[in-house]
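By convention here, the first residue in the shown sequence is residue 1. Order of appearance sets the numbers: ligands from 1, and atoms from 1 within every ligand.
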Amino acid sequence: MKGIILVGGEGTRLRPLTCNTPKPMVPVLNRPFLEHMIEHLSSHGIDDIILTLCYLPDHIQSHFGDGSKFGVKLTYIVEESPLGTAGAVKNIEDMLDDPIFVFNGDIFTELDLTEMLSLHYKRGAKVTIALTPVNDPTIYGLVETDRDGRVRRFIEKPSWDAVTTNMINAGSYILEREVLEYIPPSSYFTFERGLFPGLLKMGEAVYGYPSNTYWIDIGTPERYMKLHHDLMLGGAFREGVRDKLNIHPTAEINGPVALGKDCVIGPGVLIMGPTVIGDGCRIEEGSVIEGAILWRNVHIGNRVVLKNCIIADNTIAGDGCGIDDGSIIGENVIIGNGNKLARGIRVWPEKRLEAETISF
Ligand code: GDD
Ligand code: MG
């Protein structure tokens, strides 16, 4: 079956992580997020996948190629300027047959797409929207349904006074090709503010498919971090250490830790899970890491303390640094010796924090 993944967004809320890396390439447990998503789709027989790209498309294309390494066929469509979620699908109308599966490209979920499709047919729906319960519907698309599951209202990013349910659009749709007629060609148009409210007004058969399965949108640093914690503390995560060769005998690793290839862990280092350390990282003597996500080739000096922070590729933290809860450091940053970054600080790529010489 065919599926479309919408991956054209700029990932602004994940900055600085997405300054040089498109959201789908952000690593989750040391693999690009999109690899996890493609695996999920292909496990439900969706193995002919069209990626609609706009922001940093080359990064995605060069990693995934024709998809054969990942057991799927991939086709790339690059938008010159963003067409919006629905415009992106209209743009490739000629390539599509019924039913059309469409996915937001930033959702980690175990949604049962096979069951969703059979319900779509059973109800004779024109559109089926997957639904998931959340605590705060105001940051998503609120979807109100009646007893039969038919959608009554769709309000994107509602204010609290408009909140009548905790069920939201989970970002997976099945569409019948005929509804694409309502999307204007070659213009910016979205499902959320354009097509869905429009179809409801016309009384078209739009149904919800509610599910309580695991679901998270990785579009903010807090949720990106939460996904890692959920995956690693959820029980399914076992041995994440890929290469024990360079772990010093006096280093201690406690709890779930995913350690990539070619890492060097120095004497007396303490790593507490859930923590992810990407390929090629180097952690020097006496450093303490708790609940952090390190991408590739990160160099942590002596006696550094990292807590619940995210550090992107090739960044260097000098001796005695401290990086606290919720801080996010972009790629190729140099943090001089002894710097203390308090909670929630975001450092943009290539930045140099103070001039003190760094010696390892
Ligand atoms: N090709 C293309 N072109 N893709 C786009 C464009 C575009 O112009 N704009 C956004 N996208 C992609 C993004 O890359 C992302 O994968 C997806 O569409 C959704 O965009 P987000 O920016 O992540 O939207 P959101 O998270 O605020 O809200 C959406 O997702 C929620 C669930 O997480 C909406 O669909 C909400 O209704 C929904 O509840
Ligand atoms: Mg999103």
Side-chain angles (χ1 to χ4, degrees), residues 3-15 17-18 21-26 32-34 36-38 41 49-57 59-61 75-93 95 101-109 111 127 129-145 151 153-158 162-163 165-173 175 183-184 186-197 200 206 208-211 214-224 226-227:
I4 302 161
I5 308 182
L6 304 168
V7 280
E10 286 186 34
T12 46
R13 289 162 292 183
L14 264 184
R15 282 183 195 152
L17 298 175
T18 45
T21 303
K23 191 157 60 167
M25 292 304 291
V26 161
F33 166 75
L34 195 56
H36 298 269
M37 208 178 153
I38 287 174
L41 265 53
I49 298 171
I50 305 171
L51 295 163
T52 62
L53 320 170
C54 192
Y55 179 66
L56 302 176
H59 291 57
I60 301 175
Q61 282 177 265
T75 309
Y76 302 94
I77 304 293
V78 181
E79 292 159 33
E80 267 172 36
S81 62
L83 288 171
T85 48
V89 175
K90 180 74 176 178
N91 187 36
I92 52 170
E93 192 172 11
M95 301 167 69
F101 272 99
V102 181
F103 304 94
N104 283 357
D106 60 351
I107 309 287
F108 194 105
T109 181
L111 199 72
V127 175
I129 303 173
L131 308 178
T132 190
V134 294
N135 293 328
D136 179 3
T138 64
I139 52 174
Y140 300 103
L142 177 122
V143 184
E144 200 183 294
T145 51
V151 176
R153 287 207 302 166
F154 189 111
I155 314 173
E156 185 63 15
K157 314 274 165 22
V163 172
T165 169
N166 65 344
M167 294 307 261
I168 58 121
N169 166 21
S172 300
Y173 320 118
L175 316 173
I183 305 173
S186 318
S187 35
Y188 183 91
F189 201 71
T190 69
F191 288 117
E192 296 87 344
R193 295 181 201 272
L195 186 71
F196 295 153
L200 294 176
V206 180
Y209 168 65
S211 169
Y214 186 80
W215 181 94
I216 196 164
D217 172 325
I218 63 150
T220 67
E222 296 72 28
R223 295 199 299 255
Y224 170 67
K226 183 170 188 305
L227 170 61

Original post:
Would you say T109's side chain and Y214's backbone share a donor-acceptor pair under 3.5 angstrom?
Top reply: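 Side chain of T109 to backbone of Y214, a donor-acceptor pair under 3.5 Å: yes, one is there.
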
Subject >> Main-chain N/O of D217 paired to R223 side chain as donor or acceptor, under 3.5 Å >> reply: yes

Show which atoms of ligand 1 fall inside a sub-4.0 Å distance from at least one heavy-atom site of [X].
X	value
L83	8 (O)
K157	25 (P), 27 (O), 28 (O)
W215	32 (C), 33 (O)
T52	1 (N)
D217	26 (O), 32 (C), 33 (O)
A88	1 (N)
K23	23 (O)
P82	8 (O)

Sub-3.5 Å N/O-N/O distance, [X] and ligand 1:
X	value
G105	yes
I107	no
G171	no
N169	yes
T85	no
Y140	no
I168	no
G141	yes

Identify the two heavy atoms, one from [X] and one from [Y], that lie closest to each other, and give their separation to 0.1 Å.
X	Y	answer
P158	Y140	CD-O, 3.4 Å
N104	L6	OD1-CD1, 3.8 Å
D106	K23	OD2-NZ, 2.8 Å

Subject >> Per-residue contact class, R13 against ligand 1 - non-hydrogen pairs under 4.0 Å >> reply: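 The answer is the side chain of R13.
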
**OP:** Tell me the protein N, O or S atoms under 2.8 Å from the Mg ion (ligand 2), in chain and number order.
**Re:**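 You should have found D106 OD2, D217 OD2.
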
Original post:
If you round to the nearest 0.5 Å, how far is CD1 of I92 from CD1 of I50?
Top reply: 4.0 Å

Original post:
Atom CD1 of I107 and atom CD1 of I216: how far apart are they, to the nearest 0.5 Å?
Top reply: 9.5 Å

At what distance is the nearest protein heavy atom to [atom], and which residue and atom is it?
atom	answer
atom 12 (C) of ligand 1	L6 O, 3.7 Å
atom 35 (O) of ligand 1	E192 OE2, 2.5 Å
atom 29 (C) of ligand 1	N104 ND2, 3.5 Å
atom 4 (N) of ligand 1	G8 N, 3.0 Å
atom 37 (O) of ligand 1	E156 OE1, 2.6 Å
atom 13 (C) of ligand 1	G9 N, 3.6 Å
atom 23 (O) of ligand 1	D106 OD2, 2.8 Å
atom 7 (C) of ligand 1	G84 N, 3.5 Å

Original post:
Is any side-chain heavy atom of T132 less than 4.5 Å from a side-chain heavy atom of I168?
Top reply: yes

**OP:** Report yes or no: does F196 have a heavy atom closer than 4.0 Å to ligand 1?
**Re:** no

Original post:
Would you say atom 20 (O) of ligand 1 touches the protein, meaning some protein heavy atom is under 4.0 Å from it?
Top reply: no

Original post:
Are E10 and R15 within salt-bridge range, i.e. N to O under 4.0 Å?
Top reply: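 So E10 pairs with R15 through a salt bridge.
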
